[in-house]
Amino acid sequence: MLDLTRLSDQQRGIVLAPDGPLLVVAGPGCGKTTLIAARIAYLVSVKGSDPASILAMAFTRVAAIQLRERLENLLGHQARKVEVSTFHALGLKIIRQWQEELGFGSRPLTVCNQHEARQILRECALDAGVDLKRITLAELAQEVDRFRLDGCSSLDIALARALVSEYEGRLRRRSAVDFPSMLVLPLRLFSRQPESVQLYRDTFRYVFADELQDVSPSQYDLLRRIAEGHRNLAAVGDLAQTLYAYKGAGAHIFKRFRDDFPELRERTLDESFRSTGRIVAVANHIGEALSEAQVLRTANPDGPDPVVHQAADEHAEAVFVAGEILRLLNRGLIDCPADVAVLYRTNAQAGELVVAFREAGIPYRMAGDGELFGHQEIQQALAYLRLAVNPADAAALARIVNVPPRGLARLAQRVEMEPCGIDELPALAADFGEAAVGAAEGLVAFLRALHTAPQTLRPAAVLDLVLEEGGLADWLTQLADGEDRLKRLASLRDLLQEAADGLEAWLVDLALAPDMEPVSGGADAVLLSTIHRAKGREFPIVFVVGAEEGLLPHARAIEDATQSALEDELRVAYVAMTRARERLFLTCCRRRRRGDLAELRQPSRFLQTALNAPSIRAA
């Protein structure tokens, strides 16, 4: 029997609301995940809805995992039937279900990582005569993605159309999709083949969407098209926590929801179950400058005062953070390092923190900086794992033709330029002599055997096969930095030990969330993260470092000098401060290095606002 007694009156009223479109405006820490899970459990256990008829869209993979865990606690085994997904994961699933109609044929699909996608775009750009000295590849990719998603671009329209046509054609010939494809292709499919979207409308009678304030126009279109038949779309969001306005998210998505579903009911959640009274007071003080921010209330204890600390420079700032963490641990005020998150505006701020943590012996992990997956040997091992799942993965094959070295360097160059399957390697190698043919045949035999391994071996054991029988480990031991490389591969193996759903599912998760690495320090470690990547998460102890003009707000917003740009930065500060449950620390520096120069810095205007809160103190 579903127990709703632990919910607040606000939450309970929303859980019991009748069918139809629903918008819930929920402040930070007000129990959005609890609410969505309870509403789904109510539909299944009380109203008798089929759990397989419910689609719950989370903004991040972490949020999807958390929601599924809540549902399992409420529904048991029935929770597995609920479709809990991120937007891109759902898009990839749709593409795979309709891949022949989308022009991919029947071969297994490959998900290109950003590096591979950029290389393909670079080839298209050079063939089209684009001067990559006048526009960087990253800028070109951004414009091409904009054109694919919403038809807009600062490029010449004819050029943009030609680039997109050629780029997507090359992806199709490789049976590959990139990240934007996971939104672009399902929307095209729905427009061109109405029976496809009708299938999902018939399948999902109820659709839920978390973090509506950060949903892009394309993501909203995906939601709307699936839900507009039965109109049971329930969305939860808070405009004060918008972090992705530069991607088209924000207030206009709320307006579109209201316009598209004029019969929708609106509800609010303003009671914070997360933070102490003093942290809520600081959040309210910061939020006063945001017209959309709710005034939060809480029944939680007041807790300790939030702390502001101004350090001499970034080194002293990092030493202060490390020292405070050790003090909290030694006094038993936190249970373990994993209770702590250190948040910053830019990844460049992590360097001094890493040095200070290593010197203090504090274990740490970094979110989304590529510390593990950015290394060459990790990418090479992953290419082998991708080939174990899909031997037709041309991009993965190109990466490992001559890794470890097997006398196929010239063949590797050809395969890089002319993607092919593994069975074509010996014939292509014939141009380079008998020895090359023999090496190619040996590689093909190994890859064929590797393809059968996931059927009988656990994912970590497949990696062992690559390292040992594939010769990768022996080769790495001969390199000057081989020991470090093998340690990183051991970290990859640790990750694979957790791949409960098999190697293919793990590789898909990695493609959809390339920042999922746990790095140095393991699970019981302080999290170092940008504020954006900490979105949707909470921690007992939070340090927000670099609360200075030029960082928070960022220099780009200051140069822009528009109210909207500065409000976007204020929302970043608001989100950062509201991640804390028990203790909040805000730090800044008098000087900070920029290149070879040490610049004088001023405390953030947002820090000045926070200092006016009655419950904050200086350290």
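Note on ring orientation: taking the six-membered ring where Trp is involved, the planes of Phe179 and His88 are parallel (angle under 30°, cut-offs 30° and 60°).
Side-chain contact between Leu23 and Arg267: absent, with no pair of heavy atoms (C-beta onward) separated by less than 4.5 Å. By the 4.5 Å heavy-atom criterion applied to side chains, Leu55 and Leu90 are counted as neighbours. The side-chain heavy atoms of Asp260 and Glu228, taken from C-beta on, include no pair separated by under 4.5 Å. Contact annotation: the side chain of Thr86 never approaches that of Thr60 to less than 4.5 Å [non-hydrogen atoms, C-beta and beyond]. Counting only heavy atoms from C-beta outward, the side chains of Ile95 and Val177 approach each other to under 4.5 Å. Side-chain contact check for Leu551 versus Tyr344: every heavy-atom pair is 4.5 Å or farther apart. Counting heavy atoms from C-beta outward, Ile14 and Leu269 have side chains that approach closer than 4.5 Å. Side-chain contact check for Leu584 versus Val307: every heavy-atom pair is 4.5 Å or farther apart.
Using a 4.0 Å cut-off between charged nitrogen and carboxylate oxygen, Glu538 and Arg579 do not count as a salt-bridge pair. A salt bridge does not link Arg274 to Glu582: none of the charged nitrogens lies less than 4.0 Å from a carboxylate oxygen. With respect to Arg256 and Asp259, no salt bridge is recorded, no charged nitrogen being found less than 4.0 Å from a carboxylate O. A salt bridge is defined here as a Lys NZ or Arg NE, NH1 or NH2 lying under 4.0 Å from an Asp or Glu carboxylate O, and Asp305 with Arg583 fails to meet this definition. The residues Lys47 and Asp19 are annotated as salt-bridged, a charged nitrogen and a carboxylate oxygen being separated by less than 4.0 angstrom. Comment: Asp214 does not engage Lys247 in a salt bridge, judged by the lack of any side-chain N to carboxylate O separation of less than 4.0 angstrom.
Gln198 and Asp202 share a side-chain donor-acceptor pair at under 3.5 Å. If you check the side chains of Ser564 and Glu567, you find no donor sitting under 3.5 Å from an acceptor. Judged purely by distance below 3.5 Å, without hydrogens or angles, the side chains of Gln99 and Gln97 never pair a donor atom with an acceptor atom. A donor-acceptor contact under 3.5 angstrom links the side chains of Arg70 and Thr34, judged on distance only. Side-chain contact annotation: Asp494 with Gln497, donor-acceptor N/O pair under 3.5 Å absent. For Glu317 and Thr587, the side-chain atoms include at least one donor-acceptor pair closer than 3.5 Å.
Gln349 places a side-chain N or O within 3.5 Å of a backbone atom of Arg345 that can act as its donor or acceptor partner. Between the side chain of Asp270 and the main chain of Leu296, no donor-acceptor pair closer than 3.5 Å is present. Within the 3.5 Å criterion, the main-chain N or O of Gly248 finds no donor-acceptor partner in the side chain of Ser216. Not a single donor-acceptor pair under 3.5 Å links the side chain of Thr530 to the backbone N or O of Thr346. In this structure, the side chain of Glu324 does not engage the main chain of Val321 through any donor-acceptor pair within 3.5 Å. Proximity of a side-chain donor or acceptor of Thr242 to a complementary backbone N or O of Ala245 within less than 3.5 Å is not detected. Distance alone, capped at 3.5 Å, is enough to place a donor-acceptor pair between the Arg39 side chain and the Ala17 backbone. Looking only at distances, a side-chain donor or acceptor of Arg68 sits under 3.5 Å from a matching main-chain atom of Val82. Distance alone, capped at 3.5 Å, places no donor-acceptor pair between the Ser275 side chain and the Val280 backbone. Judged purely by atom type and a 3.5 angstrom limit, Ser218 has no side-chain atom pairing as donor or acceptor with the backbone of Leu183.
Rounding to the nearest 0.5 angstrom, the gap separating the OH atom in Tyr200 from the NZ atom in Lys93 is 8.0 Å. Here the straight-line distance linking atom CG of Leu149 with atom CD of Gln219 works out to 9.0 Å at 0.5 Å rounding. To the nearest 0.5 Å, the span separating NE2 on His230 from CZ on Arg201 amounts to 8.5 Å. A distance of 10.0 Å separates CG of Leu199 from CG of Leu189, quoted to the nearest 0.5 Å. Distance check: Leu566 CG to Arg571 CZ gives 11.0 Å after rounding to the nearest 0.5 Å. Here CG of Leu212 is found 8.0 Å from CG of Leu239. Values are rounded to the nearest 0.5 Å.
Under the side-chain contact (heavy atoms from CB on, under 4.5 Å) test applied with Arg225, the options Pro194, Pro186, Ser191 reduce to a single match, Ser191. A side-chain contact (heavy atoms from CB on, under 4.5 Å) with Phe606 is found for exactly one of Leu570, Val544, Val572, namely Leu570.
The number of heavy atoms from other shown groups lying within 6.0 Å of CZ (Arg80) does not exceed 12. Around the CZ atom of Arg12, the shell of radius 6.0 Å holds more than 12 heavy atoms that belong to other residues, nucleotides or ligands. Residue-environment remark: CD (Gln563) stays at or below the threshold of 12 foreign heavy atoms within 6.0 Å.
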Could you give me the CA-CA distance, side-chain angles and deciding distance for Arg258 and Glu266, then say whether side chain to side chain contact (heavy atoms under 4.5 Å, CB included) is met? CA-CA 10 Å; Arg258 294 181 178 110; Glu266 293 195 34; 2.6 Å; yes
Does the pair Phe190 and Ile94 meet the rule for a side chain to side chain contact (heavy atoms under 4.5 Å, CB included), with working shown? CA-CA 10 Å; Phe190 289 172; Ile94 293 171; 3.9 Å; yes
Derivation and outcome, side chain to side chain contact (heavy atoms under 4.5 Å, CB included), residues Val25 and Gln294: CA-CA 9 Å; Val25 179; Gln294 297 187 71; 3.6 Å; yes
Passes side chain to side chain contact (heavy atoms under 4.5 Å, CB included), Lys32 versus Asp210? Steps please. CA-CA 8 Å; Lys32 292 182 297 179; Asp210 195 7; 4.0 Å; yes
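For His309 and Phe585, the distance between ring centers is not under 6.0 angstrom. Aromatic rings of Phe59 and Tyr244 (six-membered ring for Trp) have centroids within the 6.0 Å cut-off, being under it.
What you find for Arg278 and Pro306 is that their closest heavy atoms are CB-CD, 3.9 Å. Taking all atoms of both residues into account, the shortest heavy-atom contact from Asp238 to Gln213 is N-OE1, 2.9 Å. Nearest heavy-atom pair across Pro337 and Leu329 is N-CD2, 4.0 Å. Scanning both residues, Pro603 and Leu607, for their nearest heavy atoms gives CB-CD2, 4.1 Å. Closest heavy-atom contact between Phe543 and Ile541: CE1-CG2, 3.8 Å. Scanning all heavy atoms of the two residues, the minimum distance from Asn232 to Gly20 falls at OD1-N, 2.8 Å.
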